2 protein chains.
Amino acid sequence: MKAQELHGHLDALLLAVLEQGALHGYAIIESLRARSEGSLDLPTGTIYPALRRLERAGYVASTWSTVNGRERRTYELTDSGRRALAGERAGWHEFQLTVGRFLDPGSSSTTPA
Amino acid sequence: MKAQELHGHLDALLLAVLEQGALHGYAIIESLRARSEGSLDLPTGTIYPALRRLERAGYVASTWSTVNGRERRTYELTDSGRRALAGERAGWHEFQLTVGRFLDPGSSSTTPA
DNA sequence: GATCGACAAGTAGCGTAGCTACGCATGAAG
DNA sequence: CTTCATGCGTAGCTACGCTACTTGTCGATC
């Protein structure tokens with residue numbers, strides 16, 4: 001799929017990935033690719049700036065470590081980030097419902113199963 | 001909801017609205033507002049440029065008419081637009097599925113058919 | 001008869017966010 | 001020695017929706 005249509009939901013995805021445990025940037029990219037079965041193959045130029053955004057916002061915290069002579073910046077979800085993720089989840093569901101009303105065939109009324 | 005997160009899906013919504021019949025810009029805005037129960041209250045500065053984009057792309061065709069001394073540009077879905085809508089629907093479903101894998105709580109990973 | 005609000009269209013300029021295309025560095029493999 | 005995978009990062013571009021504004025008619029109110 002075209003990953004560029006993530007607009008506005010990338011942050012939520014990153015928080016969701018980090019919810020399962022701290023990861024460094026490169027591993028996050030691989031995790032997204034794995035869990036989406038290859039659908040989400042995001043370039044570093046997308047992920048790294050996004051992570052810094054999230055850190056500036058206080059949703060994640062990073063720590064440097066050296067593994068095999070390679071510098072790694074490991075990101076971890078903060079409490080604030082956990083709350084943000086909950087909000088993102090709620091926003092996603094509303095978004096999904098609203099757009100689905102127009103794009104899904106038979107889900108007309110407000111009656112989710 | 002914050003409408004700015006429509007990113008990439010606005011076109012699909014517009015095509016979906018026009019699928020049910022030709023409408024002019026202002027009426028499209030009202031239709032979106034009505035069918036979304038007020039969630040989508042999009043400004044003209046969003047809709048009109050989007051419609052012209054769709055027209056340039058050949059997905060809609062417009063005709064001028066005058067009603068009560070007021071100029072109306074009525075937009076109609078073209079065959080190409082209908083095909084595009086089908087594609088947008090498919091894209092939406094994949095998007096929904098992919099993001100849902102991360103943001104929905106209990107949706108299993110491999111989606112058994 | 002002036003003004004206000006709903007209707008109806010449109011543009012200019014802005015900010016955000018993801019993408020492309022780079023650069024830098026290490027270690028393993030050929 | 002070159003290439004590839006790992007790992008971080010930035011600069012510049014583009015697309016898109018938003019804010020704020022303009023133009024104009026019509027009906028109602030002041």
Side-chain angles (χ1 to χ4, degrees), chain A residues 1-15 22-34 36 39-57 59-60 62-75 84 88 91 95 98-99, chain B residues 1-15 17 22-34 36 39-57 59-60 62-75 88 91 95 98-99:
Chain A
M1 70 175 276
K2 286 181 290 180
Q4 39 265 78
E5 290 164 15
L6 283 180
H7 263 286
H9 303 286
L10 212 214
D11 291 3
L13 290 186
L14 292 177
L15 294 176
L23 287 176
H24 61 281
Y26 197 87
I28 290 174
I29 294 174
E30 291 188 315
S31 177
L32 284 167
R33 189 167 44 221
S36 70
S39 296
L40 290 174
D41 197 357
L42 304 181
T44 67
T46 292
I47 297 302
Y48 291 125
L51 286 171
R52 319 199 105 227
R53 260 207 315 275
L54 292 176
E55 186 164 30
R56 265 202 310 277
Y59 297 155
V60 300
S62 68
T63 46
W64 281 101
S65 58
T66 305
V67 178
N68 293 333
R70 278 168 194 139
E71 295 290 301
R72 279 185 182 175
R73 183 176 238 173
T74 302
Y75 289 92
E88 293 278 6
F95 175 75
T98 301
V99 178
Chain B
M1 72 175 274
K2 286 181 293 181
Q4 40 263 79
E5 289 163 16
L6 282 178
H7 264 285
H9 303 286
L10 211 213
D11 291 3
L13 290 186
L14 292 177
L15 295 176
V17 167
L23 288 175
H24 61 283
Y26 197 88
I28 289 173
I29 294 174
E30 292 188 315
S31 179
L32 284 167
R33 189 166 45 220
S36 70
S39 297
L40 291 173
D41 196 359
L42 304 181
T44 66
T46 293
I47 298 302
Y48 291 124
L51 286 170
R52 318 199 106 224
R53 261 206 314 277
L54 292 176
E55 185 165 31
R56 265 202 309 278
Y59 296 155
V60 301
S62 68
T63 45
W64 281 102
S65 58
T66 305
V67 177
N68 292 334
R70 275 163 194 143
E71 294 291 301
R72 279 184 182 174
R73 184 176 237 172
T74 301
Y75 289 91
E88 294 278 6
F95 175 75
T98 301
V99 177

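On a predicted model such as this, the values are computed, not experimentally measured, just so you know. Below, all heavy atoms of this structure are taken into account, side chains as well, without hydrogens, waters or symmetry copies. Letters A, B, ... are given to chains in the order of the sequence lines, protein chains preceding strands, and every chain is numbered from 1.
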(message) Which residue is it: B/Ile47, B/Leu23, B/Val60? I am looking for the one with a side-chain contact (heavy atoms from CB on, under 4.5 Å) to B/Leu14.
(response)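 Per the side-chain contact (heavy atoms from CB on, under 4.5 Å) rule, the option paired with B/Leu14 is B/Ile47, out of B/Ile47, B/Leu23, B/Val60.
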
(request) From the options A/Glu71, A/Arg70, A/Arg72, A/His24, select the one residue that forms a side-chain contact (heavy atoms from CB on, under 4.5 Å) with A/Ser65. (result)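 In the set A/Glu71, A/Arg70, A/Arg72, A/His24, the residue that makes a side-chain contact (heavy atoms from CB on, under 4.5 Å) with A/Ser65 is A/Arg72.
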
Gap between atoms [atom1] and [atom2], on [X] and [N] respectively (whole Å):
X: B/Arg33; N: C/dA6; atom1: CZ; atom2: C1'; result: 11 Å
X: A/Phe95; N: D/dG17; atom1: CZ; atom2: P; result: 10 Å
X: A/Leu54; N: C/dA17; atom1: CG; atom2: P; result: 10 Å
X: B/Ile29; N: C/dG10; atom1: CD1; atom2: P; result: 11 Å
X: A/His7; N: D/dC18; atom1: NE2; atom2: C1'; result: 14 Å
X: A/Trp64; N: C/dA25; atom1: CH2; atom2: P; result: 14 Å
X: B/Arg52; N: C/dA12; atom1: CZ; atom2: C1'; result: 14 Å
X: A/Leu10; N: D/dC16; atom1: CG; atom2: C1'; result: 16 Å

(request) Write down the atom of A/Arg73, the atom of A/Ser62, and the distance for their closest heavy-atom approach. (result)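 Looks like NE-OG, 3.3 Å.
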
OP1, OP2 of [N] versus side-chain N and O of [X]: anything below 4.0 Å?
X: A/His24; N: D/dG7; result: yes
X: A/Arg73; N: D/dG9; result: yes
X: A/Arg53; N: C/dG18; result: yes
X: B/Arg72; N: C/dA9; result: no
X: B/Tyr48; N: C/dA9; result: yes
X: A/Tyr26; N: D/dT6; result: yes

(request) Could you please name the option among C/dA9, D/dG24, D/dG7 that lies closest to any side-chain atom of A/Arg70? (result)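 Of the candidates, D/dG7 comes closest.
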
(message) Of the options C/dC19, D/dT10, C/dG10, whose atoms approach the side-chain atoms of A/Leu42 most closely?
(response)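 Taking heavy atoms from C-beta onward, the closest nucleotide is C/dC19.
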
(message) Can you work out whether B/Glu30 or B/Pro49 has the more 5'-proximal nearest nucleotide on DNA chain C?
(response)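 Closest to the 5' end, via its nearest nucleotide, is B/Glu30.
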
(message) Looking at B/Tyr75, I want to see if its OH is surrounded by more than 12 non-hydrogen atoms of other residues, nucleotides or ligands under 6.0 Å.
(response)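 Correct, the count exceeds 12.
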
(request) Looking at every strand, decide which applies to A/Gly45 at a 4.0 Å heavy-atom threshold: base, sugar-phosphate, or nothing. (result)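 Contact class for A/Gly45: base.
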
(message) Which is more 5' along DNA chain D, the nucleotide nearest B/Ile47 or the one nearest A/Gly25? Just name the residue.
(response)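 Result of the comparison: A/Gly25.
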
(message) Which is more 5' along DNA chain D, the nucleotide nearest A/Val67 or the one nearest B/Thr46? Just name the residue.
(response)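 Between the two, 5'-proximity favours A/Val67.
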
(request) May I ask you to decide if the ring planes of B/Phe95 and A/Phe95 are parallel, tilted or perpendicular, using 30° and 60° as cut-offs? (result)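 Perpendicular, since the angle between the ring planes exceeds 60°.
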
